[in-house]
Amino acid sequence: MTTSPPFSPIALHYFRLPRHTWELMLIRMKQLGADAIFTPVPWGFHEIDDNQFDLSGITTPRRNVLAFVETCAAMGFPVILDLFPGPDAGLLFGGFPVWLLRKHPETQASDQPGNPLPAVTLQHPTTLKYARRWLEQLTQSLPEDVALQLKLKNYLPDFSDHIAAVQWPIWLRKRYAQSGLAGLNAAYASPTPFSSFSRIPLNAQLDSPAFQQDVQEFYAGLGEGARQSYSQILLELGRELGAAIDSPLHGAQITPDPADAGAGFQWAMDAPLRPDGTPRPNFWALKKANLQKTLPDDAPLYPADPAAAVALPVAANTLVGRLMLDGRLEQSILDADADATTLSAQNQSAAADLYFTLPGANAPLPDYLADYLRSLLAGKTQALAYCAEMVEQLLQAFEKPSPPAKQKSDAPDASLSEAQAALTQANQALYKAASSIGALEEVFATALDKTQTPETTPTFFSLDAVRFKNLQSACQTLAPILNAASQSSLPAAFTLEQYVAAHRSVANAAAQSFSELNATLRWLREEMAANALPSTGWIVHARVQTILQSLSVIAP
């Protein structure tokens with residue numbers, strides 16, 4: 001945005017959303033008036049096992065945080081990453097690795113009675129050791145302009161051994177450095193005086209205001225101490241923290257919450273968007289409030305409102321434009337009297353995004369409108385680029401893999417053997433599950449995710465080009481179309497007609513690709529139902545369906 005300083009960003013949790021919805025959701029963020037994207041980056045979601053990291057989507061596309069940051073940048077969104085978001089983010093194990101808790105139980109936080117909590121002790125030396133390794137992996141992969149946030153707030157009080165037996169006595173010694181134990185005993189008025197700072201239970205049931213105040217101050221200091229420790233790690237890694245912000249409004253409702261990331265079934269039920277990207281009632285109120293913050297008072301832009309008509313001041317030869325949520329632009333020049341009048345417009349179908357008025361068809365676009373249109377187009381070209389990449393990966397699956405280098409041992413390549421075993425396991429699960437196509441696909445997807453088998457790559461298997469000739473032919477036709485359309489862009493200064501032409505080019509490419517791939521999907525399902533294709537065809541089916549889902553939000 002070029003007309004005003006930024007307002008609070010909107011939270012969009014990439015790891016909770018299917019990869020093919022990222023571009024659509026970011027378009028909706030732009031339509032909400034957001035100028036930055038806020039997201040946690042869960043350590044436990046990306047370090048799957050000890051020293052096994054996935055930041056590029058090898059195991060699942062939802063882990064490709066690097067692609068998410070790049071997509072945000074292409075749409076003009078700065079990104080703010082919350083490194084340790086705390087319990088209010090609703091993350092599995094608080095976002096920390098489950099393997100850390102299992103391999104190092106001493107790091108686990110506990111409540112006052114001593115029951116384990118689904119979180120770690122932030123300042124335990126073991127936690128700090130592994131957290132440093134994680135932060136190094138993350139920061140080395142991220143662009144320099146990504147803002148990092150470290151609030152470390154809202155964590156439950158931790159009564160683990162490290163806190164109670166190590167940090168609490170150290171804090172007490174500093175707190176009563178001048179008066180010593182005598183001063184402490186006098187303040188606590190304990191019936192039995194304490195003989196050592198190490199023998200004062202953190203969970204003691206003392207009816208003492210001084211003790212309760214000390215516990216409160218101790219935990220406040222723990223949070224700040226943890227923040228300093230992790231901030232120092234980042235500084236040593238060459239990264240500085242950005243200014244902390246309050247957790248912003250969530251942008252997308254997620255039901256169900258992904259089992260590999262979320263702690264519960266529902267997430268962000270009060271969000272302005274449904275899981276499919278359609279607006280909920282509060283979308284329009286939030287959009288209106290945001291535009292009022294960011295637009296100049298005299299800006300000829302008016303957010304659509306399904307609940308009430310929007311009054312548009314017009315004069316003779318005024319151009320009135322209506323931008324739809326799908327990016328289409330409708331415009332007309334009013335044949336009105338010379339005197340100013342008012343046009344009443346109502347978004348009854350909730351399909352319009354905003355209205356605007358211009359002095360004429362060739363009038364220069366206001367900065368905000370030009371940036372806005374450019375961002376919407378960028379979101380769609382990014383989606384096309386993602387589809388083109390997946391189509392090209394399908395094409396690569398028809399290529400014969402290069403023969404492996406001759407090994408001294410006759411043992412098969414370990415990765416190949418592992419992949420083949422995973423596929424065999426998935427195939428067995430397939431045919432035992434159910435006879436319906438839908439059930440087979442679901443079971444295969446589950447097995448595929450658990451075994452983390454790479455998708456359609458020639459390294460692990462090659463597809464029979466004869467048996468998949470329809471799909472191969474469609475991919476060969478669509479790859480150049482998608483790649484060409486994904487390069488569509490707008491110059492620094494452009495007209496409404498140029499936007500309409502660029503948007504039409506993108507939409508037509510998406511529509512053509514959708515039509516051809518949809519026909520291929522039907523053929524795939526028929527062949528799979530008739531057992532005419534190998535069971536690995538379900539991997540291909542899942543990929544084609546993902547491409548279609550992404551194309552469906554771009555095609556008219």
Side-chain angles (χ1 to χ4, degrees), residues 9 11 13 15 38-48 50-51 53 55 65-66 69 78-101 103-104 106-110 117-164 166-168 170-171 174 217-248 261:
H13 295 187
F15 52 89
F38 176 97
T39 181
V41 53
W43 173 10
F45 185 64
H46 290 284
E47 189 172 0
I48 306 163
D50 190 355
N51 207 28
F53 299 90
L55 294 166
V65 62
L66 307 182
V69 169
V79 180
I80 302 169
L81 299 183
D82 194 0
L83 298 178
F84 299 102
D88 56 348
L91 296 173
L92 191 64
F93 291 100
F96 291 95
V98 62
W99 60 261
L100 179 62
L101 297 174
K103 290 185 175 182
H104 300 280
E106 71 275 11
T107 66
Q108 188 154 27
S110 60
L117 295 171
V120 301
T121 299
L122 292 172
Q123 290 208 74
H124 194 285
T126 302
T127 304
L128 288 167
K129 168 188 170 183
Y130 286 103
R132 180 187 183 92
R133 185 180 69 184
W134 152 244
L135 292 174
E136 184 175 10
Q137 286 283 334
L138 178 65
T139 55
Q140 286 180 349
S141 303
L142 291 172
E144 290 292 332
D145 58 353
V146 174
L148 304 178
Q149 176 168 289
L150 189 66
K151 292 190 297 183
L152 294 177
K153 58 187 286 189
N154 298 328
Y155 282 96
L156 298 174
D158 184 359
F159 293 85
S160 62
D161 290 344
H162 180 75
I163 297 296
V166 178
Q167 293 192 269
W168 168 243
I170 292 174
W171 187 88
K174 292 180 180 179
E217 291 183 10
F218 168 69
Y219 277 112
L222 276 183
E224 181 56 32
R227 191 178 191 280
Q228 292 176 2
S229 297
Y230 286 91
S231 298
Q232 181 61 35
I233 291 175
L234 287 169
L235 284 174
E236 292 171 2
L237 295 174
R239 299 297 291 256
E240 294 186 5
L241 291 172
I245 65 169
D246 293 331
S247 298

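Please read all numbers here as calculations on a predicted model, not as lab measurements.
- Between F15 and P40, the shortest heavy-atom contact is CE2-O, 3.4 Å.
- Using a 4.5 Å heavy-atom threshold, the side chains of F93 and L100 count as separate.
- Applying the side-chain contact (heavy atoms from CB on, under 4.5 Å) test to K103 and every residue at least two apart in sequence or in another chain returns D49, D50, W99.
- Atoms CG and CD, from L237 and Q232 in turn, are 10.0 Å apart once rounded to the nearest 0.5 Å.
- The distance from the CG atom of D161 to the CD atom of Q167 is 12.5 Å, given to the nearest 0.5 Å.
- For the pair E106 and H124, the minimum side-chain heavy-atom distance is below 4.5 Å.
- Evaluated for a side-chain contact (heavy atoms from CB on, under 4.5 Å) with F96, the options L122, L91, L101 yield exactly one hit, L122.
- For the side-chain contact (heavy atoms from CB on, under 4.5 Å) criterion with T121, the lone passing option out of T107, L222, I163 is I163.
- Partners of P78 according to the side-chain contact (heavy atoms from CB on, under 4.5 Å) rule, which considers only residues two or more places apart in sequence or in another chain, are A36.
- Every residue two or more places apart in sequence or in another chain was checked for a side chain to side chain donor-acceptor pair (under 3.5 Å) with T127, and none qualifies.
- Here the straight-line distance linking atom CD of E136 with atom CD1 of I233 works out to 10.5 Å at 0.5 Å rounding.
- D82 places no side-chain N or O within donor-acceptor distance of the main-chain N or O of L150, the cut-off being under 3.5 Å.
- From Y130, atom OH reaches atom CD of E47 across 9.0 Å, with rounding to the nearest 0.5 Å.
- Nearest heavy atoms, G225 versus Q123: C-NE2, 3.4 Å.
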Applying side chain to side chain contact (heavy atoms under 4.5 Å, CB included) to L135 and Y230, what does each step give before you reach the verdict?
CA-CA 9 Å; L135 292 174; Y230 286 91; 4.2 Å; yes
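- Atom CG of N51 has more than 12 neighbouring heavy atoms from other residues, nucleotides or ligands inside a 6.0 Å radius.
- The list of salt bridge (Lys or Arg N to Asp or Glu O under 4.0 Å) pairs with a residue in residues 221-238, not counting sequence neighbours, reads R132-E236.
- No option in I245, L83, V41 other than I245 meets the side-chain contact (heavy atoms from CB on, under 4.5 Å) test with Q149.
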Before giving the answer on side chain to side chain contact (heavy atoms under 4.5 Å, CB included), spell out for V79 and L142 the whole-Å C-alpha distance, their side-chain angles and the decisive distance to 0.1 Å.
CA-CA 11 Å; V79 180; L142 291 172; over 6 Å; no
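- For the residue pair P143 and R239, the shortest heavy atom distance occurs at O-NH2, 3.2 Å.
- For the pair L117/D158, no side-chain contact is recorded, criterion being any heavy-atom separation below 4.5 Å from C-beta on.
- Note that CH2 of W168 is 15.0 Å distant from NE2 of H162, once rounded to the nearest 0.5 Å.
- Side-chain atoms of S160 do not come within 3.5 Å of backbone N or O of A109 as any donor-acceptor pair.
- Not counting sequence neighbours, the partners of A164 by the side-chain contact (heavy atoms from CB on, under 4.5 Å) test are L202.
- In this structure, the separation between CG on D88 and OG on S247 is 5.0 Å, given to the nearest 0.5 Å.
- For E217, the side-chain contact (heavy atoms from CB on, under 4.5 Å) partners two or more places apart in sequence, or in a different chain, are W171, R175, Q213.
- Closest non-hydrogen pair, S231 versus L241, comes out as OG-CD1, 3.0 Å.
- Between L66 and L55 the shortest heavy-atom distance is CG-O, 3.3 Å.
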